[in-house]
Amino acid sequence: TTNGEHCTGDAIKMGEAIGAATIDLEWVQVHPTGLVKPDDPDAKVKFLAAEALRGVGGIVLDAMGNRFCNELGRRDYVTGEMWKNKPPFRLCLNRAAADEIIWHA
């Protein structure tokens with residue numbers, strides 16, 4: 001996840017526990033790309049790799065090294081395509097995307 005450890009959905013869980021209905025949870029945003037720190041690859045929380053990285057040429061590859069989506073698609077589209085394919089996924093950066101990440105770091 002790219003969410004902080006404090007983001008656990010507790011308010012939703014508490015509301016449901018007392019009978020509250022939930023609506024439109026499909027609109028909760030999912031960020032399909034996060035970066036793994038080489039010195040801590042198993043960290044629970046990942047650094048968010050913004051859409052800007054895909055927008056300037058970063059491509060997403062599946063476990064077999066194949067492109068499986070249009071990286072310029074919306075988050076929900078890219079995430080949906082990930083569910084249809086085999087992880088792990090890799091975000092490969094070209095020079096423009098690598099230069100862009102410096103702004104985000």
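Only this structure's heavy atoms are used, side chains among them; waters, hydrogens and symmetry mates stay out. Keep in mind it's a predicted model, so treat the numbers as computed, not measured.
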Candidate pair K84 and E81, rule salt bridge (Lys or Arg N to Asp or Glu O under 4.0 Å), full reasoning: CA-CA 5 Å; K84 297 176 188 174; E81 293 301 303; 3.0 Å; yes
Report yes or no: do F89 and L91 belong to one cluster of Ile/Leu/Val/Met/Phe/Trp/Tyr joined by side chain heavy-atom distances under 4.5 Å? yes
Membership question, hydrophobic clusters at under 4.5 Å side-chain separation (ILVMFWY): are L53 and M82 in the same one? yes
Under a 3.5 Å distance rule, please check whether N66 uses its side chain to pair with a backbone N or O of F68 as donor and acceptor. no
Judged by atom type as modelled, is there a donor-acceptor pair below 3.5 Å linking the side chain of E71 to the main-chain atoms of V60? yes
Between A97 and G58 the two heavy atoms that sit nearest each other are CB-N, 4.0 Å
Nearest-0.5 Å distance that lies between atom CD1 in I12 and atom CG in L25: 5.0 Å
All heavy atoms of Y77 vs all of N70, minimum pair found to be OH-N, 3.1 Å
Distance check, rounded to the nearest 0.5 Å: D62 atom CG versus R90 atom CZ? 10.5 Å
Does some side-chain heavy atom of R74 sit less than 4.5 Å from a side-chain heavy atom of T79? no
Once you round to the nearest 0.5 Å, how far does CD1 of I59 lie from CG of L72? 11.5 Å
First locate atom CG of N85, then atom CE of M64, and finally report the distance between them rounded to the nearest 0.5 Å. 11.5 Å
